[in-house]
Each structure stands twice: as C-alpha cells, then as structure tokens.
Number of protein chains: 2
Amino acid sequence: MAMAESEAMCPERLVMEHVTSRWGTLALIALLDRPHRFSELRREIGRVSEKMLAQTLRTLERDGLVHRDARPVIPPRVDYSLTDLGREAAEQVRDLARWTERRLAAVERAREAYDATRP
Amino acid sequence: MAMAESEAMCPERLVMEHVTSRWGTLALIALLDRPHRFSELRREIGRVSEKMLAQTLRTLERDGLVHRDARPVIPPRVDYSLTDLGREAAEQVRDLARWTERRLAAVERAREAYDATRP
DNA sequence: CTGTATCCATTTGGATACTG
DNA sequence: CAGTATCCAAATGGATACAG
C-alpha cells in the first residue's frame, strides 16, 4: 500500500492509493465474494505478512470501506466485510483486475516486441 | 509505481500494479485527455521527479499501454499518447478516480468517526 | 486466533549533475 | 528538451518474537 500519507497530498489521491494499493486491491476483491476472517484473508491473498494485512485492513476500515466485527470470544474471532461504500470501490477494482486478465496476452506480446528492439 | 518486479509474482498482478501505481494512474488519466510531451506531463501531474516519470512511462510503454513518439529534431521532442489497450485501461482508472472524487466526503466522515473512537 | 512491536533488507523516490 | 546516472534519504514490507 502506498501508505505514506506523510503530508500535503490531495486527499482524494490518498483514497485512490488505499484502494489501488497492492494488498488493498486483493483484500477488496476477496471481500467482494464474501466476508472473511483475518486468517482466511491471509490464506486467500497469499504471501502477505500479518503486519501488512493488518495495516491495510485498518486503513480501509478507517476510510469506511471495510467493516470490522471483533467478537469477544476466546480464541478471538474477527470478521471483515465490505460496507456499501467499499462494495462500490471493490466492484471497480475487480473490473480492472478482470480487464488485466483479459488483456494479459496482449500486454505480454507488447513486452516481447519492446524487449526485442533493445539490448 | 510498485515497480519492484523482482521475482515470482503472478504476471497479471504486475500489469495491475503498473496501471494502479501512483504515477501510472496520473499519467494515464492525463493522456486520456490528449497526447502530452514529457514536460507537459510533468507539469500536469505535478511534483513528480524526472526519474519517476521516465520510469513510469517506460514501463507503460513496454506493457503496450502508451505510445512513445520521439522526433529526431533539435531540441528533442517526444510525444506520449495512449494505445487502444492503454485507452481501455485509462478509462477504468479514470472511472475509479471519479468515484473517489464523488465519495470523498463520505470517506472523510468515516475517518472522523473512526478517529473519534480512538486515542 | 488476531493481532502488535521490533528489527532489518529491499525498494522507492527525490536532488543534483550531466549528456545528446 | 528529454532524458540518464549517481547518490542518498525515506518508506515499504518481511521475519520474528511476543501479547491478549
């Protein structure tokens, strides 16, 4: 996630970066399918550290895109789901992901052509 | 741009990251309007270093999303424009950007509510 | 199980100087 | 003008250990 947030950045660009961040996109797409527990998301996304997933989910929750439901049981159980706002964002992200899937072959051809003309 | 590309990453996730990268999104949206010269893009995007803009444009060109037209004149003149493939991607990115614009107020309310319940 | 804290490697990205 | 090269600071992000 481009989570720098340091300083003077246009606020809407910030939302955009949360939504389009590496783990943000994958979390939103996974949650579009159904709610997930923390560990389910980790498995489904694959190769994401606990730290980054927690950080990503907190940011998305703060932006009002993800709802966090922590149940006071032992062992702890936390379910994540999309809010209405989050669903709108997730659908667009999923569409973009589907586009890259559809056009992947064309991109790979372009890369080969590009590389062929260079050292 | 999450331009790491280091290693074993699913190739379609890679395309996605180029398209959704910080400078990638802004370049695509600017080019959707009309072709731009390098320095025009720099001004329009704002606060992007020459290095990052050049890197971003090269990546998008390699992926077949951006067309680079370098004219052999002095002083050098290079025009960047979208390919058909790039236009498809750019339109989706622009839609997502418009969404964040429309929903910015809702996100900011969510943030305030979130922050209000915390130290 | 769901996190947080710490440490550390890698990556990003800006500033500057320079070239064709 | 349109970059490339270099250097360096800052941010990202993984591994590990630990806590509630």
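Protein chains get the first letters and strands the later ones, always in sequence-line order, with residue 1 at the start of each.
Across the protein-nucleic acid pair, B:Q55 atom CD and C:dT11 atom C1' stand 10 Å apart, rounded to whole Å. Put simply, CG on B:L41 is 14 Å from P on D:dC1, counting in whole angstrom units. Atom CD of B:E40 and atom P of D:dC1 are 11 Å apart (whole Å). Here the C1' atom of nucleotide C:dG3 and the CZ atom of A:R77 are 16 Å apart, to the nearest Å. Here D:dA2 presents its P atom at 19 Å from CE of B:M52, a figure rounded to the nearest Å. Taking atom CG of residue B:D69 and atom P of nucleotide D:dG3, one finds them 11 Å apart after rounding to whole Å.
Between A:R62 and B:D115 there is a salt bridge, since a side-chain N of the basic residue sits under 4.0 Å from a carboxylate O of the acidic one. Checked for salt-bridge contact, A:E40 and A:R34 meet the test: a charged N lies under 4.0 Å from a carboxylate O. Taking the charged nitrogens against the carboxylate oxygens, B:E108 and B:R103 have no contact shorter than 4.0 Å, which rules out a salt bridge.
With sequence neighbours left out, B:E91 forms a salt bridge (charged side-chain N to carboxylate O under 4.0 Å, His left out) with no residue at all.
B:R58 comes within contact range of the sugar-phosphate backbone alone, with a heavy-atom separation under 4.0 Å but no base atom that close. B:R68 comes within 4.0 angstrom of the backbone, heavy atoms only, and of no base.
Each of B:E50, B:H36, B:M52, B:R37 was checked for a side-chain contact (heavy atoms from CB on, under 4.5 Å) with B:R42, and the lone residue meeting it is B:E50.
Between A:R37 and the phosphate of C:dC1, there is no side-chain N or O to OP1/OP2 separation shorter than 4.0 Å. Within the structure, a side-chain polar atom (N or O) of A:Y80 is placed less than 4.0 Å from OP1 or OP2 of C:dG3.
Of the possible polar contacts, none joining the A:T25 side chain to the A:T20 backbone as a donor-acceptor pair under 3.5 Å is found.
Taking every heavy atom of both residues into account, A:L28 and A:A90 meet most closely at O-CB, 3.7 Å. What you find for A:A30 and A:L41 is that their closest heavy atoms are CB-CD2, 3.8 Å.
Checking D:dA2, C:dG13, C:dT2 against the side-chain heavy atoms of A:V78 singles out C:dT2 as nearest. Here the side chain of A:R22 is nearest to one of D:dG13, C:dG13, C:dC1, namely D:dG13. For A:F38, counting side-chain heavy atoms from C-beta on, the closest listed nucleotide (C:dG13, C:dT2, D:dC1) is C:dT2.
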Self-check item: Annotated protein contacts, base or backbone, on nucleotides 15-20 of chain D with a non-hydrogen cut-off under 4.0 Å, one of B, S, - each
Solution: B-B--B

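A cation-pi geometry, defined here as NZ or CZ lying under 6.0 Å from the six-membered ring centre and within 45° of its normal, holds between A:R118 and A:Y114.
Over its full length, the helix from C:dC1-D:dG20 to C:dG20-D:dC1 turns its helical axis through 50°, comparing axes from the five pairs at each end and rounding to 10°.
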